[in-house]
Structure formats: structure tokens, C-alpha cells
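This structure is a prediction, so every number in the text was calculated from the model and none was measured.
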Amino acid sequence: QVQLVESGGGLVQPGGSLRLSCAASGSIFSFSAMGWYRQAPGKERTLVARTTRIGIANYADSVKGRFTISRDNTKNTVYLQMNSLKPEDTAVYYCNAEAGLDYWGQGTQVTVSS
């Protein structure tokens, strides 16, 4: 059983930045991949960014050039640096681990508003 705990969400003005963290209970180096997804009210959960065990990252087109996913295997933590935030980035952000099964965190709210 893998437990994921997200942190770092909050309220930020358009153009601002936030960094989300996802701490895992196990060794993330053993996971096939980890990623961040988001879900806005009334919409489906969609991929934001994903990084594989060997560090290959991919991003949703809407966040390319603004968001960066990274991982610290020594801390079993994955990060999502979000810059130039827009109101349309407002959503609950979920951490995901692909470790045989899919595991999810509880989510952290990100609100971009003036």
C-alpha cells in the first residue's frame, strides 16, 4: 500500500507561482512513474505532468513551458513547480503513483484569482 500526501496548494494571483509537493510512503525509485493530475469543478481529471522512473517527463499542452515536474528520490518526493499561473489552472491537484496499481493522494486545491 502506497500513501501519497500532497501539500503546497493555495490561493495565488494570476501570473504567480506555487510549488506542490507529494511525499510518498515508499521508495519512489521503485515506481514506474509518478505524476500530477487536476480536476476542475464539473470536469474530468486530466494529466498535468508525469515523470518516469528514469526521468522522462511529459506535460499537458496547456502547461508546457510554465510547469515543471521533478523528483527527489532521496526524499521520496515529487514536485510540481507552477509558474505564470492562469485562472484556468484552478483545480484540485492530485498526485499519482504507478506502482503496480495506481495510487492517489487526497488532492490539494489550487485557486488562481485576483
Any pair counted as disulfide (SG to SG under 2.5 Å), so long as it reaches residues 53-114, sequence neighbours left out:
C22-C95
In chain order, what residues pass the side chain to side chain donor-acceptor pair (under 3.5 Å) check against N83, with sequence neighbours excluded?
S17, Q81
For the CG atom of N96 and the CG atom of L47, what is their distance to the nearest 0.5 Å?
9.0 Å
How long is the gap from CD on E6 to CG on L80, to the nearest 0.5 Å?
11.0 Å
Please check if the side chain of R50 supplies one atom and the backbone of I69 the other of a donor-acceptor pair under 3.5 Å.
no
So, the side chain of S84 versus the backbone of R66: is there a donor-acceptor pair under 3.5 Å, distance only?
no
Within 45° of the axis and under 6.0 Å from the centre of the six-membered ring of Y79, does NZ or CZ of R19 qualify?
yes
Which heavy-atom pair separates [X] from [Y] by the least distance, and what is that distance?
X    : Y   : value
S113 : P14 : C-CD, 3.6 Å
W36  : S21 : CH2-O, 3.5 Å
T90  : A40 : O-CB, 3.8 Å
V2   : A99 : CG2-CB, 4.4 Å

Please lay out, stage by stage, how R38 and S62 fare under the test side chain to side chain contact (heavy atoms under 4.5 Å, CB included).
CA-CA 12 Å; R38 66 187 181 187; S62 60; 3.3 Å; yes
Please work out whether the ring planes of F67 and Y93 are parallel, tilted or perpendicular, with thresholds of 30° and 60°.
tilted
Checking Y59 against T68 for the side chain to side chain contact (heavy atoms under 4.5 Å, CB included) test, could you report, in this order, the C-alpha distance in whole Å, the side-chain angles of both residues, the deciding distance, and whether it holds?
CA-CA 8 Å; Y59 298 89; T68 303; 3.9 Å; yes
[X], [Y]: one ILVMFWY side-chain cluster at the under-4.5 Å cut-off?
X    : Y   : value
Y37  : V63 : no
Y94  : F31 : no
L101 : L4  : yes

Any chance CD of E88 has more than 12 other-residue heavy atoms, nucleotides or ligands included, within less than 6.0 Å?
yes
Greater than 12 external heavy atoms within 6.0 Å of Q3's CD:
no
Give me the one residue out of T77, V78, D72, T51 that meets side chain to side chain contact (heavy atoms under 4.5 Å, CB included) with I28.
V78
Among V110, V112, T111, the one residue meeting side chain to side chain contact (heavy atoms under 4.5 Å, CB included) with L11:
T111
Take N73 and S27 through the test side chain to side chain contact (heavy atoms under 4.5 Å, CB included) and record every step on the way to the result.
CA-CA 7 Å; N73 292 336; S27 171; over 6 Å; no
Check this for me: does any side-chain nitrogen of one of D61 and K64 sit under 4.0 Å from a carboxylate oxygen of the other?
yes
Worked verdict on M82 versus L20 for side chain to side chain contact (heavy atoms under 4.5 Å, CB included):
CA-CA 8 Å; M82 306 186 293; L20 305 183; 3.7 Å; yes
